[in-house]
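All of these numbers come straight from a predicted model, not from anything done at the bench.
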Amino acid sequence: MGGGLSGWGVVLLALLGAGCVVGEVAVEGRPCSDDDECGPGTRCEVASRRCVRRALADALPRERAADQSARDGAADHGSDVRASDQRPPDHRPPDLPPPRCDDKLKNGSETDVDCGGSCPAKCGDGKTCALAADCSSAICQSGTCVAANCTNGKKDGSESDVDCGGLVCAKCAGGKACIAALDCASKICAANLCTTPSCTDKVLNGTETDLDCGGASCPKCGTGKACSAASDCASGVCTNKVCQAATCNDSVKNGSEGDVDCGGSCPSRCAVGKKCNLGSDCVQGVCSGGTCAAASCFDGVKNGSEPDTDCGGPCALKCANGKSCAVSSDCSSQTCLGGTCVNPCSDGIKDGNETDVDCGGSCPANCADGKGCLVAADCQSQVCNTATKLCAAPTCSDGIQNGDEQGIDCGGSKCTACGGTYPMLYTWDGGAFQFESDLFPRGMLGFQYAGGYLQPNPNDYYLLRHAPAARSDGLLDLRLIEERREVDYLDQARLYALDLPAGLDAYAEILFSGPSYLPPDKVVHTVALPLREVAGATQLETGQDVTSLVRERDGQSLTLSADRNDMAWSTLELNLGSVAGATQVKLVIDARSAMPNSPAGYQKASALELPGGNRTFLQVRDASGVWVTVPKSAAALPIPKEFPRPFVLDVTKAFVADRQKLRLGFLYKTYVDAIRFDTSPDQPVTVSELPLASATLGYHGIDARADASELALHVYGQLVSPKPYSYFPGLYTAFTEVTTLLAAVDDLFVIFGPGDELTLRYGPAPAKAAATTRRYLLYTHGYYKSDKATGIPLAVEPLPFAAMSGFPYDPLLESYPGDPLHQSYRSTYNTRPQ
C-alpha cells in the first residue's frame, strides 16, 4: 500500500469522520456527568456536560493498535499475506502529519473545513455536519447545519425544553426541563427541572438586583448591595448602582427617622405637622396619631414655654411644689426659689405674701377669724373686714358658703335650708306663676368626676307639669329665673303643644347625651291611664319591703341614703308581675335627688361611682338567673333631678331572659315617690310648635323657698331681701329684648345671673282637636356655671360653644367663634358688667 496509511487506518478515519467507532454507535451530544457515560471515541465535556468526539490524536493510537492486532492475528493463523503487502520495519515510510483544525483543509474527523468533528470550532449555518454537536446552532438536518429555531414549538437543537435552554434559546422558566443551571432563568436546575426564582434561593435571579434582595418582590437590599433604583434599597438611596447607608441629610425618610431627615437617631427633631413614631421625634415632644403636634397645656409633655409639664407659663394650671418654675407666678404656692416651686407656708413665720403666720395669700391654709387678711380668699370664713383687715365670722347674709353652710348662705346649723340649682321655670296658669322645675341640668360646665370632666349636654326636654293659660292677647307666659349664684348661657327655647288621644298621658325621657336637637316625638312616650302598679319592691341593702311606698304618687317617699354628703349605693329590686306578650315596657319614675353640696360630698361620690362616671345602674337577669348590668345602648337610668320632673324609661330592650324583675341602683340620696309602668305601645302624638312672640331680659330678684327641707320649692314673687348672691365677674347680656338671640342654636347666648329674669311669651296656641288631651313640652339648649364647678374660673368667660370638644377646653386649640357675627353680638348685647 506504498507509504500511505494501512487499510485499517483508512477504515478508522472513515468511521471517525462519520461520528462512529468500530462496533459502537455514536453517542455524541448525550447528557453526561463523566467519560464512562459517553462510550468509545467520545468524552464528557466539563463545560456543557454533554458527550463530544475525542480529538484525532486520541483516536490514532487505537487505529494503530487495531492494525497491529490484525497483522499479529494473521501470522498466528498461517495467513498467506503477501510479503509485498508488508512494509519492512526498516523501510516503512514515516507517518503522515496528523490533521489540524487550522490547516484550511477538510480532513481528519472534520465535517467541514476546520470545524465539526473533533475540532473545537462548531460549523456555521450551511456547513456540512454529521451530528448536531458539529453545528454552532446544535441542529444538523440532512447533513447540513441549519439556524436554530427557538419559536417552532418543538424541543430541538440544544434546547433542554421546548424553545428554551441550551446554547441558543432563551432560558427556561420554572418547571421546564433542564440539563444544567445555565438552561434556567432562575439559574437553578434541580432534578432536571428549572426552579421558580425566589427570595431565599441564594441565587441572583428573577428581578433581584443583588442576591435575594431588591427588585419587584424581594426584600430591600442592605448597604453595599447592588441596586438599579432607590426602591431596591432599605435606605431608599441607590448611588452608582450601590445601596447606601441611611443618613440624616439624604432627603429620604429612612432608618429610624420619623420623617425625612428628622427624628429617630437624627439630631434634628421633626416640626409640627411632620410624621413621627415617638414623641421624642418631634420638636414639641408630642406625637399624636403619627403626626407631630403643637405644644399645648394638656399633652403630658414639657414643651413650649412651660417651666414644667403642662403647668406654669401660658398654662392655666399652676405648678405644684417641687415642680420647676421660672417666676413665682408659675407656682400654685406663688413662690419660686432656685427654679423650683416651694411651700413657704409651714415655717412658723409670716413671710412671702402671707397675710398672717402661715396662712392667707398663696398659702393653702386660710386664716381663722381675727387673723390678718387682704381679701376674702385669705379667710376660712371667706369674709375679710375691709376696715380692720381681719377675717370675720361667717353670717347667713354674706353671699359666701362658709361656716357649716351646705350652700351659699343656706343649710347648716344657722341658715335656712338650701334649694336647688340651675335656672328655674315658672308657668302662668291664669291666676299665678306656678313653679315647674329646673332646666338644662346636664348643661353644667366644669363638673369634675373621677375620670375627668363631664361632657356637658345642653339639650333639655321638659314636659310642663302645669297647664299654661293664655293671656288676654292669646299668648302663653313663661318665666325663667336664676335663683342661685350661677351664670347661665341660653341659646334656644322652643315650646310645643302635644295633642294625645283621650285616655293617654305623656312623659318625656331624660337624655344622657345625643344630637343637638331631636323632634319631640322622639323623646316623648305615651302611656295608657291608669298606670300599672308594681307587684313588689324590695330595698336590697336593708331587706325592707317598700312596695307600699313606691306604688302610688302620694307624696310619701322612700328615702335612699340618709346623708346627701355621705351617701352609699342603694338598690331597688322591682317585680313587675306578668308582662308576657307586651311589645313595650315603660317605667314611669317620680323621684328627686338631694345632690351633694359640699366638697367632701362630691369627693365621696367620685370615689364610689362606677366605671365611666356612672352614678346609677340598671340590671336584669340572664337565662342562668345571674344579674347583669344593662348597657346604656339598651336603656340608661338617669339620675333623678333635684326638682319635680317625672320621667319615662323604656326598658323593652333591657331584658335578656326574665321580663318580670329588674334592679335600679342609685348613688345619691334619693327620694322615690312612685315607680309605675305601662305596657301599651306608643301612640302617635300631634306636635305643634308655638312661635316665640317675644323674649325680654330684666331683673326680678331671688324667690323664697316654700319650706326649709331638701325638697323645697320656690314661690314666685316672695322675694328674699337683700339679694343673697353675687354675680360671677364678667359681661352679661343687657336688660333688653332678646328674641333674636333665641331663634337658633348659634352660640348667640342670653347670658344672665342671680336674680335675673327671662320673660318668654309664645303663641297663640293652635285650636285643640276634640277628644284629645293637650300637654306642653319646652325644649331648651343651654349651659351654666355653678360655684360647685371645679378647676374652671368662676366667671362669665370663657364662653362655651356648640362645637367645643369639652369644657374646660384648651384655648390654644379651640375657642369661642371670633367671626364678625359673633363679635357684633358680643359688642351689641353683652354690655352689662358685674
Side-chain angles (χ1 to χ4, degrees), residues 199 209-210 213-240 242-320 322-327 330-331 336 339-341 451-453 455 791 803-815:
C199 299
T209 60
D210 208 315
C213 70
S217 58
C218 289
K220 307 297 184 184
C221 294
T223 301
K225 297 291 186 178
C227 57
S228 59
S231 59
D232 295 325
C233 302
S235 67
V237 182
C238 177
T239 303
N240 296 328
V242 176
C243 292
Q244 307 299 313
T247 68
C248 295
N249 57 4
D250 53 18
S251 299
V252 177
K253 180 184 181 296
N254 49 25
S256 62
E257 296 170 357
D259 210 316
V260 176
D261 294 344
C262 68
S265 59
C266 292
S268 176
R269 302 295 92 191
C270 299
V272 173
K274 294 289 188 179
K275 295 179 181 178
C276 55
N277 301 311
L278 302 169
S280 58
D281 292 334
C282 303
V283 170
Q284 299 294 351
V286 182
C287 181
S288 177
T291 301
C292 290
S296 79
C297 295
F298 299 89
D299 55 23
V301 178
K302 179 184 178 300
N303 48 23
S305 57
E306 300 167 357
D308 211 312
T309 302
D310 294 344
C311 69
C315 299
L317 180 66
K318 302 301 181 183
C319 297
K323 297 288 188 179
S324 297
C325 57
V327 293
D330 292 330
C331 305
C336 179
T340 302
C341 294
Y453 285 95
Q455 180 74 20
M804 63 185 178
S805 60
F807 199 97
Y809 51 81
D810 187 344
L812 298 177
L813 302 178
E814 55 185 334
S815 62

Margin query: Treating Asp299 as the side-chain partner and Ala295 as the backbone partner, does any N or O pair qualify as donor plus acceptor under 3.5 Å?
Written below: no
Check: How long is the span from the SG atom in Cys341 to the NZ atom in Lys318, to the nearest 0.5 Å?
Finding: 10.0 Å
Notebook entry, point to check: Are any side-chain N or O atoms of Thr291 and backbone N or O atoms of Gly273, one a donor and one an acceptor, separated by less than 3.5 Å?
Noted result: no
Checklist line | Residues Cys238, Cys233; criterion disulfide bond (SG atoms under 2.5 Å apart); working and verdict | finding: CA-CA 7 Å; Cys238 177; Cys233 302; 4.7 Å; no
Item checked: Shortest non-hydrogen contact between Ser288 and Cys276, atoms and distance -> N-SG, 4.5 Å
Next item on the list: Rounded to the nearest 0.5 Å, what's the gap from CG on Asp281 to CZ on Arg269? Could you check?
Entry: 6.0 Å
Margin query: Could you measure the distance from the SG atom of Cys282 to the CG atom of Asn303? Nearest 0.5 Å is fine.
Written below: 10.0 Å
Note to self: I need the minimum non-hydrogen distance between Glu814 and Met804, along with the two atoms involved.
What the structure shows: OE1-CA, 3.5 Å
Margin query: Just so I know, are the side chains of Lys220 and Ser231 near enough to count as touching, which here means a heavy-atom distance under 4.5 Å?
Written below: yes
Note to self: Could you check whether any side-chain N or O of Ser235 sits under 3.5 Å from a backbone N or O of Gln244, counting only pairs where one atom can act as donor and the other as acceptor?
What the structure shows: yes
Notebook entry, point to check: Can you check disulfide bond (SG atoms under 2.5 Å apart) on Cys227 and Cys243, steps first, answer last?
Noted result: CA-CA 6 Å; Cys227 57; Cys243 292; 4.0 Å; no
Item checked: Close side-chain approach of Val272 to Gln284, heavy-atom, < 4.5 Å -> yes
Notebook entry, point to check: Can you tell me if the gamma sulfurs of Cys221 and Cys213 fall under 2.5 Å?
Noted result: yes
Margin query: Using the side-chain contact (heavy atoms from CB on, under 4.5 Å) definition, which of the options Cys311, Cys297, Cys319 pairs with Glu306?
Written below: Cys297
Next item on the list: Mind checking the OG-CG spacing from Ser296 to Asp810? Nearest 0.5 Å is all I need.
Entry: 4.5 Å
Checklist line | Over all atoms of both residues, closest heavy-atom pair of Ala326 and Pro307 | finding: N-CB, 4.0 Å
Check: Taking SG to SG, are Cys266 and Cys248 separated by less than 2.5 Å?
Finding: yes
Item checked: Residue pair Thr309 / Val301: nearest heavy atoms and the distance that separates them -> CG2-N, 3.6 Å
Check: What pairs of residues pass the side-chain hydrogen bond (donor to acceptor under 3.5 Å, both in side chains) test when at least one of them lies in residues 254-268, not counting sequence neighbours?
Finding: Asp250-Asn254, Ser256-Ser265
Check: Shorter than 2.5 angstrom, is that how the SG atoms of Cys336 and Cys325 come out?
Finding: yes
Next item on the list: Provide the closest heavy-atom pair for Val237 versus Val252 in the form atom of the first, atom of the second, distance.
Entry: CG2-CG2, 4.0 Å
Margin query: Counting only heavy atoms not in Lys253 (residues, nucleotides, ligands), do more than 12 fall under 6.0 Å from its NZ?
Written below: yes
Item checked: Rounded distance (nearest 0.5 Å) linking atom SG of Cys270 with atom CG of Leu278 -> 10.5 Å
Item checked: Straight-line distance of Tyr453 OH to Tyr809 OH, nearest 0.5 Å -> 14.0 Å
